[in-house]
Amino acid sequence: MHLTLRPYQPTDANAITTWLKSEYLMRQWCADRYERYPVIPDDMNSYYHQYIDGHDSIALTMVDGEDTVGYITLRIPADDRTEQRLGFVIVDDSKRGKGLGKALVSMTVDYAFSKLGVTKVSLGVFENNPAAIRCYESVGFHRVARQETECYECLGETWNCIEMELSAV
């Protein structure tokens with residue numbers, strides 16, 4: 001494998017949206033950020049144009065040669081320029097179990113620390129997503145307490161988020 005990160009391109013949505021095989025998986029990926037399932041490329045690109053400005057928020061695609069194999073976003077939370085927040089983390093579902101998630105998160109964290117100069121990277125992950133939690137922990141993220149648990153109404157249930165962060169060394 002020859003994995004690299006590059007800026008998201010609208011044509012990437014053609015592959016990424018096919019990885020969302022169920023509404024449950026889609027909601028684990030984006031909570032309530034998309035109104036309906038299935039998410040189609042136009043939905044993803046519309047969201048991108050509305051919320052990803054290339055400065056306070058960026059979207060990155062991980063590629064293996066010419067193949068799109070992962071997608072992730074970074075954003076500055078609450079005007080704190082010392083922190084970047086990961087979001088929309090997903091890898092090609094047909095290639096799971098090959099370390100792509102760990103590679104995607106590791107490469108993005110390295111990018112945030114080295115290129116963006118932040119001192120902390122944070123994320124929220126649903127507690128019903130143990131594979132993602134293990135992936136983040138394998139990269140070095142640890143759970144942190146919040147005053148209030150962030151939660152979302154998804155598919156008629158309340159899903160709680162676990163807050164995690166990783167500080168630069």
Side-chain angles (χ1 to χ4, degrees), residues 3 5-54 56-64 66-77 84-109 111-112 121-139 141 143 146 148-165:
L3 302 174
L5 278 181
R6 63 159 170 75
Y8 171 82
Q9 299 169 359
T11 54
D12 297 338
N14 297 330
I16 297 163
T17 56
T18 68
W19 305 337
L20 302 165
K21 301 290 194 230
S22 71
E23 187 170 4
Y24 186 85
L25 292 172
M26 187 266 289
R27 295 289 167 211
Q28 283 184 315
W29 175 64
C30 72
D32 59 0
R33 299 303 188 255
Y34 288 94
E35 290 181 21
R36 65 182 176 275
Y37 177 81
V39 175
I40 61 172
D42 285 347
D43 296 333
M44 191 169 178
N45 287 319
S46 175
Y47 185 93
Y48 174 84
H49 290 299
Q50 188 171 358
Y51 296 105
I52 306 294
D53 66 12
D56 290 346
S57 56
I58 59 173
L60 299 168
T61 300
M62 185 171 68
V63 293
D64 181 7
E66 296 294 315
D67 296 330
T68 299
V69 296
Y71 172 80
I72 196 166
T73 62
L74 281 167
R75 69 176 171 83
I76 298 169
Q84 286 283 331
R85 189 156 179 87
L86 299 183
F88 294 92
V89 181
I90 192 168
V91 296
D92 182 340
D93 63 306
S94 72
K95 297 179 167 102
R96 288 193 185 221
K98 298 182 178 184
L100 289 177
K102 184 175 181 177
L104 175 62
V105 173
S106 295
M107 291 167 71
T108 305
V109 165
Y111 177 85
V121 178
S122 64
L123 62 89
V125 58
F126 286 123
E127 62 189 7
N128 66 0
N129 196 344
I133 295 166
R134 282 191 304 276
C135 174
Y136 301 136
E137 289 174 339
S138 76
V139 174
F141 281 87
R143 297 173 192 224
R146 290 184 81 150
E148 262 185 53
T149 300
E150 187 177 357
C151 59
Y152 293 83
E153 293 300 317
C154 293
L155 304 174
E157 301 172 341
T158 300
W159 291 6
N160 294 323
C161 282
I162 295 170
E163 183 70 13
M164 301 183 86
E165 64 183 41

Under 3.5 Å, is there a donor-acceptor pair between the side chain of S57 and the main chain of D53?
-> yes

For W19 and D92, indicate whether the former's side chain and the latter's backbone hold a donor-acceptor pair under 3.5 Å.
-> no

So do the side chains of F141 and V105 get within less than 4.5 Å of each other, counting heavy atoms only?
-> yes

OG1 of T17 to CE of M26, rounded to nearest 0.5 Å, is 11.5 Å

Quick one: ring-ring contact (aromatic ring centres under 6.0 Å, His included) partners of F126, sequence neighbours excluded?
-> Y152, W159

Quick one: closest heavy-atom pair of V139 and S106, and the distance?
-> CG2-OG, 3.6 Å

CA sep, side-chain torsions, deciding dist, call: W29, Y71, side chain to side chain contact (heavy atoms under 4.5 Å, CB included) = CA-CA 11 Å; W29 175 64; Y71 172 80; 4.1 Å; yes

Residues I133 and R143: closest non-hydrogen pair is CG2-NH2, 3.4 Å

Atom pair CG (N128) and CZ (R27), whose distance is rounded to the nearest 0.5 Å = 13.0 Å

Hey, what do you get for CZ (R85) to OG (S122), rounding to the nearest 0.5 Å?
-> 4.0 Å

Going by heavy atoms in the side chains, are D43 and R36 under 4.5 Å from each other?
-> yes

If you measure from the Lys or Arg side-chain nitrogens to the Asp or Glu carboxylate oxygens, is any gap between R6 and D12 under 4.0 Å?
-> yes

Which atom of G101 lies closest to which atom of C135, heavy atoms considered | C-SG, 3.5 Å

Run through L3, I90, T61 and flag the one making a side-chain contact (heavy atoms from CB on, under 4.5 Å) with V69.
-> L3

Taking side chain as C-beta onward, heavy atoms only, is M62 less than 4.5 Å from T108?
-> no

L74 side chain near Y111 side chain, heavy-atom distance below 4.5 Å | yes

Point-to-point distance, once rounded to the nearest 0.5 Å, from CG of L60 to CG of L104 | 8.5 Å

What distance do L100 atom CG and M107 atom CE have between them, rounded to the nearest 0.5 Å?
-> 10.0 Å

Hey, are the side chains of I162 and V125 touching, using non-hydrogen atoms and a 4.5 Å cut-off?
-> yes

For the atom pair CD (Q28) and CG (L20), what is the distance rounded to the nearest 0.5 Å?
-> 11.0 Å

Can you check whether S22's main-chain N or O pairs, donor with acceptor, with Y37's side chain at less than 3.5 Å?
-> yes

Is the shortest heavy-atom distance from the side chain of Y8 to the side chain of T73 under 4.5 Å?
-> no

Given side chains that start at C-beta, do those of R75 and D56 come closer than 4.5 Å, heavy atoms only?
-> no

Side chain proximity check, R33 to Y51, heavy atoms < 4.5 angstrom = no

Name of the residue among T18, N14, T11, I16 meeting side-chain contact (heavy atoms from CB on, under 4.5 Å) with T68 | I16

In terms of ring plane angle, is the pair Y47 and Y34 parallel, tilted or perpendicular, where the classes change at 30° and 60°?
-> tilted

